Amino acid sequence: MNPQLRDVYKNMLGHGLNALALANWHEHYMHLNETSNMAVLSAAHAAEILIKARIAQEHPLLIFDQIPKVTQSKSKLLEFEDLFTNGRTLDYADLPARLWAATGITVPALERYKTFGKVRNAIQHFAPPGRLDTEVSAFIYEVIDPFIHSCWDLYAIDYNEDSERHAYLIQTLIQREVSFKISPDASESWDFTCEVLDDEQKATPLFAQLNAEARALRKKVSRSKSQQARRELRRATGRSGRTPSGSAKK
């Protein structure tokens, strides 16, 4: 295989996360009372590229439905140009089956994934299918969020175009009663998030759940940082903290 193709999934992962940030922004900031067409397109695009990235992580050619023939290439090895010109990647609807075959991973909330693909196609090729309410929020946090967390230990809540990544996004999600995974970064800014929320939002069962998770995670992160700082201090001072071999502590 051409060595240039080996890390193509990393580039795809970056593009998918950028699309996710746009989807979070358009859905939860620009149109607070209704879903925007751009949010639907960005969210579907994010899911498609992220799933392809995970498949390509196994082997980049697995994302192709049609691969160039050797007679179509001008080089001894398959080049990017060959794939652009004569290759064809899998469609959105075909990705769950290929993902499972290549990795054993299943797409979370598969029926929602399929339905959302039809909504995306309607908007992209014809017209919006009517009011969607919280469909994009549900798609991001029931499909994309658990998928990227299981594959790369990432959190959808961390990808947002706003300079304040978490507080106002979390506020909208709690208002819509959309559950999500708390990230270590979100837990560290949790106090500011609580200042943004009103009393009614803080009284919801979802907030109680998230509040407990955020504070527990922040303690865990704090302990981890303290342990890391102690290890770095020992390395800097040449102390391992261990008793030398053949001697005993008194």
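Just so it is clear, the model here is predicted, and its values are computed rather than measured. Note: hydrogens, waters and symmetry copies are ignored here, and every other heavy atom, side chains too, is used.
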Next on the checklist: Go through it in stages, so that I can follow the logic: the residues are Ile170 and Trp190, the test is side-chain contact (heavy atoms from CB on, under 4.5 Å), and I'd like the CA-CA distance, side-chain angles, deciding distance and then a yes or no.
Outcome noted: CA-CA 10 Å; Ile170 290 173; Trp190 188 252; 3.9 Å; yes
Checklist entry - Going through the checks in order, is the side-chain contact (heavy atoms from CB on, under 4.5 Å) test met by Ile144 and Leu20? => result CA-CA 9 Å; Ile144 297 178; Leu20 172 58; 4.1 Å; yes
Item to check | Audit row: Arg218, Ile182, side-chain contact (heavy atoms from CB on, under 4.5 Å) steps and yes/no | outcome: CA-CA 10 Å; Arg218 187 164 62 181; Ile182 289 280; over 6 Å; no
Next on the checklist: Checking Ile157 against Leu173 for the side-chain contact (heavy atoms from CB on, under 4.5 Å) test, could you report, in this order, the C-alpha distance in whole Å, the side-chain angles of both residues, the deciding distance, and whether it holds?
Outcome noted: CA-CA 10 Å; Ile157 200 73; Leu173 293 174; 3.6 Å; yes
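Partners of Asp185 under the side-chain contact (heavy atoms from CB on, under 4.5 Å) rule, at least two apart in sequence or in another chain, are Asp158, Arg165, His166, Ser183. Under the rule for a side chain to side chain donor-acceptor pair (under 3.5 Å), the partners of Glu213 that lie at least two apart in sequence or sit in another chain are Gln209. Taking Arg98 as the reference, nothing meets the salt bridge (Lys or Arg N to Asp or Glu O under 4.0 Å) condition, with sequence neighbours excluded. For Ile49, the side-chain contact (heavy atoms from CB on, under 4.5 Å) test picks out Met12, His15, His45, with sequence neighbours left out. Considering only residues two or more places apart in sequence or on other chains, Tyr92 meets the ring pair (Phe, Tyr, Trp, His ring centres under 6.0 Å) condition with Tyr113. Residues passing the side-chain contact (heavy atoms from CB on, under 4.5 Å) test with Ala138 are Arg112, Glu142, sequence neighbours excluded. Partners of Glu200 according to the salt bridge (Lys or Arg N to Asp or Glu O under 4.0 Å) rule, which considers only residues two or more places apart in sequence or in another chain, do not exist here. Residues forming a side-chain contact (heavy atoms from CB on, under 4.5 Å) with Glu188 (at least two apart in sequence, or on another chain): Val221, Lys225. Shown here are the salt bridge (Lys or Arg N to Asp or Glu O under 4.0 Å) partners of Lys202, two or more places apart in sequence or in another chain: there are none. Every ring pair (Phe, Tyr, Trp, His ring centres under 6.0 Å) that Phe116 has, sequence neighbours left out, goes to Phe139. Annotation: side chain to side chain donor-acceptor pair (under 3.5 Å) contacts of Tyr168 (sequence neighbours excluded): none.
Across all their heavy atoms, Asn211 and Cys194 have their closest contact at OD1-SG, 4.2 Å. Here the closest heavy-atom approach between residue Val40 and residue Arg120 is recorded as CG1-CA, 4.0 Å. Of all non-hydrogen atoms in Ile63 and Pro60, the two that sit nearest each other are CG1-O, 3.2 Å. Between Ala43 and Ala23 the shortest heavy-atom distance is N-CB, 3.6 Å. Closest approach of Tyr155 and Tyr159 over heavy atoms only: O-CD1, 3.1 Å. When all heavy atoms of Ala21 and Asn160 are compared, the closest pair comes out as CB-N, 3.6 Å.
For the 3.5 Å distance criterion, the side chains of Asn24 and Tyr141 qualify, holding a donor opposite an acceptor. Judged purely by distance below 3.5 Å, without hydrogens or angles, the side chains of Ser137 and His28 pair a donor atom with an acceptor atom.
How far OG1 of Thr134 is from CD1 of Ile140: 11.0 Å, rounded to the nearest 0.5 Å. Taken from OG1 in Thr193 to CG in Leu210, the straight-line distance is 10.0 Å, to the nearest 0.5 Å. Once rounded to the nearest 0.5 Å, the distance linking CD1 of Ile105 with SG of Cys151 reads 4.0 Å. Gln175 contributes atom CD, which lies 7.0 Å from atom CD of Gln171 (distance to the nearest 0.5 angstrom). Residue Asp199 holds its CG atom at 9.5 Å from CD of Gln201, rounded to the nearest 0.5 Å.
Of the possible donor and acceptor atoms, none in the side chain of Thr103 sits under 3.5 Å from a partner among the backbone N and O of Trp100. With hydrogens and angles disregarded, a donor-acceptor distance shorter than 3.5 Å links the side chain of Thr204 to the backbone of Phe207. Proximity of a side-chain donor or acceptor of Ser224 to a complementary backbone N or O of Lys220 within less than 3.5 Å is not detected.
Atom CD of Glu164 has more than 12 heavy atoms from other residues, nucleotides or ligands within 6.0 Å.
Using a cutoff of 4.0 Å between basic side-chain nitrogens and carboxylate oxygens, Asp191 and Arg215 are scored as salt-bridged.
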Please tabulate, one pair per line, all N/O donor-acceptor pairs under 3.5 Å involving side-chain atoms of residues 50-57, not counting sequence neighbours.
unit_1	atom_1	unit_2	atom_2	d
Lys52	NZ	Glu48	OE2	3.2
Lys52	NZ	Thr89	OG1	3.2
Lys52	NZ	Leu90	O	3.2
Arg54	NH1	Glu58	OE2	2.8
Arg54	NH2	Glu58	OE2	3.1
Gln57	OE1	Trp152	NE1	3.0

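If you chain together hydrophobic residues whose side chains sit under 4.5 Å apart, Met38 and Val136 never meet in one group. Under the 4.5 Å side-chain heavy-atom criterion for grouping Ile, Leu, Val, Met, Phe, Trp and Tyr, Leu22 is not connected to Val178 through any hydrophobic cluster.
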